[in-house]
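In what follows, a single structure is set out as structure tokens and then discussed.
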Amino acid sequence: MGLAKRIIPCLDVDKGRVVKGVKFIDIRDAGDPVEVAKRYDSEGADEITFLDITASHEGRDTTLHTVERMASEVFIPLTVGGGVRVLEDIRALLNAGADKVGINSAAVNNPDFVRAAADRFGSQCIVVAIDAKQVNSEDEAPRWELFTHGGRQPTGLDAIAWAVRMHSYGAGEILLTSMDRDGTRDGFDLALTRAVSDAVAVPVIASGGVGNLQHLVDGIVTGGADAVLAASIFHFAEYSIGEAKRYMADRGIEMRL
Amino acid sequence: MTDFSVRIAIIDYGMGNLHSAAKAFEHVAPRAEVVVTSDAAEIAEADRVVFPGVGAIRDCMAEIVRRGFDQAVRKAISEKPVLGICVGMQALMNRSEENNGVDCLGIFPGNVRFFGRDLHDGRGNRLKVPHMGWNCVHQAIDHPMWRGIAQDERFYFVHSYFVDAAPEIVAGTCDYGRPFAAALASDNLFAVQFHPEKSHTAGLQLLKNFVSWQGR
């Protein structure tokens with residue numbers, strides 16, 4: 001018995017509403033992130049990740065209010081990412097009840113922001129989100145580049161080296177998304193996951209591409225991830241989180257059941 | 001005693017998220033009065049005191065001392081039930097290795113040590129630091145704070161430093177590359193390295209137990 005691997009359902013939220021569709025037939029309001037989070041909590045989710053995709057500045061108050069409601073009803077760790085640019089954004093989210101915040105573009109624009117954030121609030125609440133895309137040609141060794149803006153904007157930076165740098169700047173955890181796999185349901189990019197997991201001493205959350213329960217097992221066993229993040233397989237109630245945990249536990253992975 | 005008249009003070013020394021702990025207490029004890037406070041008088045008047053903490057120990061200790069909470073915590077422990085959480089538990093010890101060595105409150109014997117950069121489990125697998133996630137807590141003693149919680153139940157941890165305490169005050173242990181103190185108990189004090197406010201049903205049960213615990 002030791003530390004359990006984690007399953008983290010992810011909610012995309014725009015102006016306080018869940019987007020990309022959640023299809024539980026038996027919850028009151030499947031568009032309400034709090035209702036959805038409560039469902040995942042009751043199914044045994046180990047944490048919740050809340051990705052705020054609200055573009056407008058005014059929408060931030062709605063986001064903070066939603067985080068506050070969620071933290072009053074769901075007593076597992078809550079990570080909030082999206083639009084975190086300055087220290088004041090982090091303070092507002094933590095005060096609203098988030099336990100960790102995800103930093104993505106702001107880290108690329110100003111790496112010292114991560115250092116300042118970890119120094120002020122502690123590494124334990126700073127998650128650096130890395131969106132990576134494979135860029136080598138077929139006859140080359142695998143190489144991944146760091147992208148921003150949902151995978152549209154290349155940075156010229158090597159994703160593995162970036163993960164190492166972010167760890168050294170104080171990131172307490174890495175949320176690693178393969179832009180090649182995101183939305184494909186073909187499974188995680190296991191080579192990428194393994195490369196990052198071996199390169200950093202902090203926990204790595206694998207993300208992007210989950211289509212079935214074996215993919216979750218592969219992310220942990222082959223990819224070396226400490227946690228797996230998924231959205232659609234849980235949103236559409238194809239699998240419950242409890243089922244996923246039992247499947248993984250049956251294959252020898254330490255889980256909280 | 002019911003929770004009707006219980007006043008719980010959560011000590012706020014400016015080090016992060018106390019909303020979660022307050023909300024969790026309001027959830028398990030809807031009739032209790034929960035105050036997040038940095039006012040020594042409110043701490044003195046409360047029936048129960050929660051001493052939380054997140055972030056780096058150097059900054060925590062600096063704020064604790066600057067605000068005079070070292071005396072407030074000492075006094076509270078001598079009078080009524082006190083629950084230390086995470087860095088709040090670490091701050092009660094003699095000294096921490098974090099930030100190149102920081103003197104702590106020295107209320108309990110023992111030190112706070114780093115897990116190390118080369119941590120492995122019994123099968124030789126490398127373990128990541130921070131220790132982050134759900135791990136099993138083995139109850140080392142019978143204690144009212146463990147009531148209704150299964151032996152070896154999982155709680156949520158997030159920390160890179162652990163408490164190395166005298167065995168006679170260890171109430172629960174955990175294992176992450178090495179055994180360490182997950183909970184301490186001594187008279188009016190119960191302290192936990194994990195986050196009960198983030199540990200779902202078991203964590204809420206522990207907080208509920210704290211509301212009705214009478215201390216020594």
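We use all heavy atoms of the structure for the numbers below, so side chains are in, but hydrogens, waters and symmetry mates are not. Model, not experiment: these values are computed from the prediction.
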- Nearest-0.5 Å distance, CD of residue E73(A) to NZ of residue K23(B): 10.0 Å

- Part of N125(B) within contact of chain A (heavy atom distance under 4.5 Å): neither

- Please state whether the side chain, the backbone, both or neither of H195(B) comes within less than 4.5 Å of a heavy atom of chain A. neither

- Query: Any idea which heavy atoms bring V202(A) and V129(B) closest together, and the distance?
  - Reply: CG1-O, 3.6 Å

- Item | Approximate separation, where rounding is to 0.5 Å, of W134(B) CH2 and E254(A) CD | 14.0 Å

- Item | Any E173(A) side-chain heavy atom under 4.5 Å of M132(B) side chain | yes

- Message: Does H65(A), at its NE2 atom, have more than 12 non-hydrogen atoms belonging to other residues, nucleotides or ligands within less than 6.0 Å?
- Response: no

- Kindly compute the distance separating NZ (K198(B)) from CD1 (I76(A)), expressed to the nearest 0.5 Å. 8.0 Å

- Where does D46(A) contact chain B at under 4.5 Å (heavy atoms): side chain, backbone, both or neither? both

- Heavy-atom pairs under 4.5 Å with chain A are the metric here; pick the option from K128(B), R117(B), H159(B) that has the most. K128(B)

- Query: Could you give the distance from SG (C86(B)) to CD (Q124(A)), rounded to the nearest 0.5 Å?
  - Reply: 7.5 Å

- Task: Using a 4.5 Å cut-off on heavy atoms from C-beta on, say whether the side chain of P130(B) contacts that of P203(A).
- Result: yes

- Query: How many angstroms lie between OG in S72(A) and NE2 in H19(B), if you round to the nearest 0.5 Å?
  - Reply: 4.0 Å

- Query: Rounded to the nearest 0.5 Å, how far does CZ of F121(A) lie from CG of D59(B)?
  - Reply: 11.5 Å

- Item | Cationic N near anionic O, under 4.0 Å, R256(A) to E153(B) | no

- Task: Answer with side chain, backbone, both or neither: which region of A96(A) has an atom nearer than 4.5 Å to a non-hydrogen atom of chain B?
- Result: backbone

- Item | Any F75(A) side-chain heavy atom under 4.5 Å of S199(B) side chain | no

- Query: So, do S20(B) and D99(A) sit near enough that their side-chain heavy atoms are less than 4.5 Å apart?
  - Reply: yes

- Message: Tell me whether D142(B) at atom CG has more than 12 heavy atoms from other residues, nucleotides or ligands lying less than 6.0 Å away.
- Response: no

- Message: Just so I understand: if I count every heavy-atom pair under 4.5 Å between each of G122(A), A118(A), S197(A) and chain B, which residue has the most?
- Response: S197(A)

- Query: Among V74(A), V200(A), L93(A), which residue forms the greatest number of heavy-atom pairs with chain B at distances under 4.5 Å?
  - Reply: V200(A)

- Picking from R120(A), K100(A), K5(A), R91(A), which has the most non-hydrogen pairs under 4.5 angstrom with chain B? K100(A)

- Task: Indicate whether any N or O donor in one side chain lies under 3.5 Å from an N or O acceptor in the other, for D41(A) and H200(B).
- Result: yes

